[in-house]
Amino acid sequence: MVHRDTEMTQTAPFPAQKPAPLPQSFYLRPTLDVAVDLLGKQLVRIESNGDLTTGIIHEVEAYIGEDDLGCHARSGRTLRNEAMWGPPGHAYVYFTYGMHWLLNAVTEAEGFPAAVLLRSVIPRNGIDRIRTRRKPQPDHLLTNGPAKICQAFAIDEAHNHASLYHPAGALTIRPGLAVDPAWIQTSARIGLNTVPEPWKSIAWRFFIPPQHLKN
DNA sequence: AGCACGATTAACT
DNA sequence: GTTAATCGTGCTC
């Protein structure tokens, strides 16, 4: 299989030069720890034809258990949300607003529903492909939203339950940039408009302002 | 069976 | 700042 890339600076073939995916054990930890540690990591999409698209994760949110009234698990296990009860390190991809897909990484032990929503990445490889999939706009607006990521990386229901740690997987998360803890900011989670307190305001959103990641 | 709404986005005033 | 788009899901009747 030939791996192609649009970056002029890319010389060695993928994945030889790329680090191995984060192991499943990375995700088998408290969700808040996983969320913080996902900042600076690389989201890596390899399509069946070898096309490579990657980006640096810099904004995430944690959703933790049935007691978290902002989490889809609040209404119990259903066909839609069952991936959150599954093994850690797999994808939970769901459809919302009648048109958008959103990507989460499942965390904690199998049987406990929790996940980290990927809200924003900075494109690294495959920017031309991202520009094609997204509507024309400035680069900094191409992947700065959870549904934008899925559109830019061609992620949909086919990836629900998929492993994020299998080296040959279509969708993996791999080591990326070193992160200075001082860069990390927190806030309430976005879009939980009708969720009761304290869940609406709890600071389970973690992000790094993009200027820190200009490497 | 019907209905309100969503872990959003883009376009609009 | 506001709002349409667009439909699967979960809740009510």
Side-chain angles (χ1 to χ4, degrees), chain A residues 27 30-36 38-39 41 43 53 55 57-86 88-108 112-123 129-162 164 171 173 184-208 210:
Chain A
Y27 303 93
T31 303
L32 296 179
D33 293 346
V34 176
V36 168
L38 280 173
L39 298 173
K41 301 298 190 291
L43 180 65
T53 310
I57 298 164
H58 74 110
E59 179 182 343
V60 300
E61 285 174 357
Y63 291 87
I64 310 176
E66 301 189 44
D67 294 337
D68 173 6
L69 297 183
C71 179
H72 290 162
R74 65 182 175 273
S75 51
R77 187 171 183 156
T78 68
L79 183 61
R80 181 202 199 200
N81 65 19
E82 66 177 2
M84 276 198 292
W85 276 261
H90 288 242
Y92 166 40
V93 180
Y94 70 90
F95 187 68
T96 191
Y97 290 104
M99 64 192 88
H100 298 306
W101 295 99
L102 274 67
L103 169 66
N104 297 253
V106 174
T107 59
E108 312 214 26
F112 183 85
V116 175
L117 172 70
L118 303 192
R119 286 196 60 90
S120 185
V121 307
I122 298 173
R129 205 163 18 258
I130 290 174
R131 292 191 186 109
T132 300
R133 290 183 182 131
R134 301 271 300 127
K135 291 183 174 162
Q137 59 196 299
D139 283 356
H140 73 282
L141 300 178
L142 288 172
T143 55
N144 66 331
K148 295 180 181 184
I149 292 173
C150 289
Q151 190 177 0
F153 284 67
I155 297 164
D156 60 24
E157 76 264 47
H159 303 96
N160 194 23
H161 297 279
L164 299 174
L171 191 60
I173 299 177
I184 299 174
Q185 302 186 28
T186 69
S187 81
R189 294 172 292 181
I190 305 295
L192 305 190
N193 301 304
T194 66
V195 171
E197 300 290 359
W199 310 109
K200 179 175 179 174
S201 298
I202 194 167
W204 283 356
R205 172 175 175 249
F206 304 92
F207 60 101
I208 297 175

Taking atom P in both C:dT3 and B:dC5, compute the distance separating them and give it to the nearest angstrom.
15 Å

Which residues pass the salt bridge (charged side-chain N to carboxylate O under 4.0 Å, His left out) test with A:D156, not counting sequence neighbours?
none

Any chance you could list the contact pattern along nucleotides 2-13 of chain B? Use B for base contacts, S for sugar-phosphate-only contacts and - for none, protein heavy atoms under 4.0 Å, 5' to 3'.
----BBBSS---

Hits for side chain to side chain contact (heavy atoms under 4.5 Å, CB included) against A:I190, two or more places apart or cross-chain, chain-then-number order -> A:E61, A:R119, A:R205

List for me each residue that meets side-chain hydrogen bond (donor to acceptor under 3.5 Å, both in side chains) alongside A:N144, sequence neighbours excluded, and say none if there are none.
A:K148

What pairs with A:T143 under side-chain hydrogen bond (donor to acceptor under 3.5 Å, both in side chains), at least two apart in sequence or on another chain?
none

Check whether any side-chain nitrogen or oxygen of A:T78 sits under 4.0 Å from OP1 or OP2 of C:dT9, and answer yes or no.
no

Under the side-chain hydrogen bond (donor to acceptor under 3.5 Å, both in side chains) rule, collect the residues that match up with A:N160, sequence neighbours excluded.
none

Any side-chain heavy-atom pair of A:N81 and A:Y94 under 4.5 Å
no

Given that both pair distances must be under 3.5 Å and the pair must be Watson-Crick or G-U, what runs of three or more consecutive pairs involve DNA chain C?
B:1-6 with C:7-12, B:8-12 with C:1-5

With sequence neighbours left out, the residues meeting ring pair (Phe, Tyr, Trp, His ring centres under 6.0 Å) with A:H90 are A:Y165

In whole Å, what separates the C1' atom of B:dA7 from that of C:dG1?
23 Å

A:T186: side-chain hydrogen bond (donor to acceptor under 3.5 Å, both in side chains) partners, not counting sequence neighbours
none

Below 3.5 Å, can you tabulate the donor-acceptor pairs from side chains in residues 130-138 of chain A to any protein atom, sequence neighbours excluded?
unit_1	atom_1	unit_2	atom_2	d
A:R131	NE	A:D139	OD1	3.1
A:R131	NH1	A:D128	OD1	2.9
A:R131	NH2	A:D139	OD2	2.9
A:T132	OG1	A:D128	O	3.0
A:R133	NH1	A:A152	O	2.8
A:R133	NH2	A:E47	OE1	2.9
A:R133	NH2	A:E47	OE2	2.4
A:R134	NE	A:L142	O	2.6
A:R134	NH1	A:Q151	OE1	2.9
A:Q137	NE2	A:K135	O	3.0

Look for any protein N or O under 3.5 Å of an N or O in nucleotides 11-13 of chain C and output each such pair with its distance, or none.
none

For A:E157, which residues count as a side chain to side chain contact (heavy atoms under 4.5 Å, CB included) partner, sequence neighbours excluded?
A:W101

Rounding to an integer number of angstrom, what distance separates B:dG2 and C:dT6 when you compare their P atoms?
22 Å

